[in-house]
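Since the structure comes first, as structure tokens, the remarks are kept for the end.
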Number of protein chains: 2
Amino acid sequence: MGAPKEPEFEFRGTCCRPVKELLSRIGGKWTVLIVTRLADGPRRFSDLKREIEDISQKMLTSTLRDLERDGFVQRTVTPSIPPRVDYELTDLGMDLLSPLEALGAWAVRNQHRVDAARARFSGYRPAAPHPNDNETHASI
Amino acid sequence: MGAPKEPEFEFRGTCCRPVKELLSRIGGKWTVLIVTRLADGPRRFSDLKREIEDISQKMLTSTLRDLERDGFVQRTVTPSIPPRVDYELTDLGMDLLSPLEALGAWAVRNQHRVDAARARFSGYRPAAPHPNDNETHASI
DNA sequence: CAGTATCCCCGGGGATACTG
DNA sequence: CAGTATCCCCGGGGATACTG
């Protein structure tokens, strides 16, 4: 009976569980950082940890696990002592780079337009302020 | 004088606060849904509320406010009683549609590869299981 | 080295009631 | 109609300690 009422995505005609999932995956704090690091070639766990530096062990592990689970990353264990684990992009992971780069390029190209909009928004807007913009109204 | 150690994004050479910001914006639960609705033309607040249906008033308001702030959406008030507020994509918002559609199309095209990866991942993996895959080991 | 276990915090998001 | 106010919850993410 009840499918647990997930909001049904509709993306310009095409239906959208996959879109929603991809969006929430790349919306994660570390995913894109890790993927772009791996774009330059395979990395050991400790390489990634060192290169990204601000990431916690836990988030590196769990983000990599999610990426492995979804098929973007291949995990290879070399059972030595100490153990060695390498991560690399799969074909699927490499394919993902294109739309990601398109989005990244767009963000960089249009950054100034967003910044300008923000300046306008927080600046003086004489007409039609939002109801509770609790600005101590300047009048007197 | 520490800048509050934000992880510095590096996206294939180009630096990346804007990429990070765009990613977290479209990673939001409702942003893309709203933007794609507006892609078909201007909508009143209540239209969006009705069309998206599962969204709460609060999230519709705050997501629209974020989109307005960043310059993707234009908000137009008609001070009648009851009031009427229309939202529409700005040029910036419409420009965003391209990379978004590219990403959406990719997600749909490659959905089966992700699904296949997941099936493999949760299925029987004889070699190199993760340390604590606490599977009640089938042996005996 | 490459993890796991535990504890904790904050903010995104939801529900409900109220308002100019 | 188009919001705001309040209260609440959960899970993403961080810190720290421990381990095969």
Side-chain angles (χ1 to χ4, degrees), chain A residues 4-7 20-21 23-34 42-68 73-88 128-135 137, chain B residues 4-7 20-21 23-34 42-68 73-88 128-135 137:
Chain A
K5 59 166 183 168
E6 274 295 311
K20 200 175 55 177
E21 287 183 357
L23 244 21
S24 77
R25 171 98 25 265
I26 68 177
K29 190 169 177 183
W30 303 105
T31 309
V32 172
L33 232 355
I34 293 176
R43 293 281 193 285
R44 298 183 60 168
F45 184 88
S46 49
D47 292 334
L48 289 169
K49 181 85 175 69
R50 189 170 348 95
E51 290 179 26
I52 304 187
E53 69 180 52
D54 278 330
I55 197 172
S56 66
Q57 219 132 332
K58 176 186 157 191
M59 286 314 296
L60 182 52
T61 303
S62 83
T63 306
L64 281 169
R65 199 73 81 238
D66 289 341
L67 288 170
E68 186 195 3
V73 158
Q74 163 91 33
R75 177 178 180 266
T76 308
V77 179
T78 307
S80 51
I81 293 182
R84 171 190 180 118
V85 179
D86 289 273
Y87 291 92
E88 64 186 316
H130 293 129
N132 276 28
D133 240 1
N134 59 359
E135 47 188 273
H137 354 37
Chain B
K5 57 164 184 170
E6 274 295 311
K20 201 174 54 175
E21 287 183 355
L23 244 21
S24 77
R25 170 98 27 266
I26 67 176
K29 190 170 177 183
W30 302 104
T31 310
V32 172
L33 232 356
I34 292 175
R43 292 281 193 284
R44 299 182 58 168
F45 184 88
S46 48
D47 291 334
L48 290 169
K49 181 84 176 69
R50 189 171 347 96
E51 291 179 25
I52 304 188
E53 68 179 50
D54 277 331
I55 197 173
S56 67
Q57 220 132 333
K58 177 187 158 193
M59 286 315 295
L60 181 53
T61 303
S62 83
T63 307
L64 282 169
R65 199 73 81 239
D66 289 342
L67 288 170
E68 186 195 3
V73 158
Q74 163 90 33
R75 176 178 181 266
T76 308
V77 179
T78 307
S80 51
I81 293 182
R84 170 190 181 117
V85 180
D86 290 271
Y87 291 93
E88 64 187 315
H130 293 128
N132 275 28
D133 240 1
N134 59 3
E135 45 188 272
H137 355 37

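Bear in mind that the values here come from a model prediction, so they are computed numbers and not experimental data.
- Rounded to whole angstrom, the span from the CH2 atom of A:Trp30 across to the C1' atom of D:dG13 amounts to 9 Å.
- In this entry C:dG14 has D:dC7 as its Watson-Crick or G-U wobble partner, both defining distances falling under 3.5 Å.
- One finds a side-chain N or O of B:Arg65 lying less than 4.0 angstrom from the OP1 or OP2 phosphate oxygen of D:dT4.
- Side-chain atoms of B:Leu64 and B:Leu48, non-hydrogen and from C-beta on, do get closer than 4.5 Å to each other.
- Between the NZ atom of B:Lys29 and the C1' atom of C:dG11 there is a distance of 15 Å, rounded to whole Å.
- In this structure, A:Arg75 reaches the C:dG3 phosphate: one of its side-chain N or O atoms is under 4.0 Å from OP1 or OP2.
- Annotation: side chain of B:Arg84 is in contact with side chain of B:Arg44 (closest heavy-atom distance under 4.5 Å).
- Contact check, A:Ser46 against C:dA2: a side-chain N or O comes under 4.0 Å of OP1 or OP2.
- B:Lys49 comes within 4.0 angstrom of no nucleic acid atom, judged by non-hydrogen atoms across all strands.
- At whole-Å resolution of the value, NZ in B:Lys58 and P in D:dC9 are 13 Å apart.
- For C:dG3, the OP1/OP2 oxygens have a side-chain nitrogen or oxygen of A:Tyr87 closer than 4.0 Å.
- Between B:Leu48 atom CG and D:dA2 atom P the separation is 9 Å, expressed in whole Å.
- A straight line from CZ of A:Arg84 to C1' of C:dG3 spans 16 Å, rounded to a whole angstrom.
- Each of A:Gln57 and A:Pro82 lies near DNA chain D, and the nucleotide nearest A:Gln57 is the one positioned closer to the 5' end.
- Distance CE (B:Met59) to C1' (D:dT4): 15 Å, rounded to an integer number of Å.
- Using a 4.5 Å heavy-atom cutoff, the side chains of A:Gln74 and A:Asp86 are not in contact.
- A:Val85 is listed as a side-chain neighbour of A:Arg75, based on a closest heavy-atom distance under 4.5 Å.
- Separating the CG atom of B:Leu60 from the C1' atom of D:dT4 is a distance of 14 Å, rounded to the nearest angstrom.
- Considering only side-chain atoms of A:Ser56, the nucleotide from C:dG13, C:dA2, D:dG14 that sits closest is D:dG14.
- When rounded to the nearest whole Å, the span between CD1 of B:Ile55 and P of C:dA15 equals 11 Å.
- In this structure a side-chain-to-backbone donor-acceptor pair under 3.5 Å is missing from B:Thr63 to B:Leu60.
- One finds no side-chain N or O of B:Arg44 lying less than 4.0 angstrom from the OP1 or OP2 phosphate oxygen of D:dC1.
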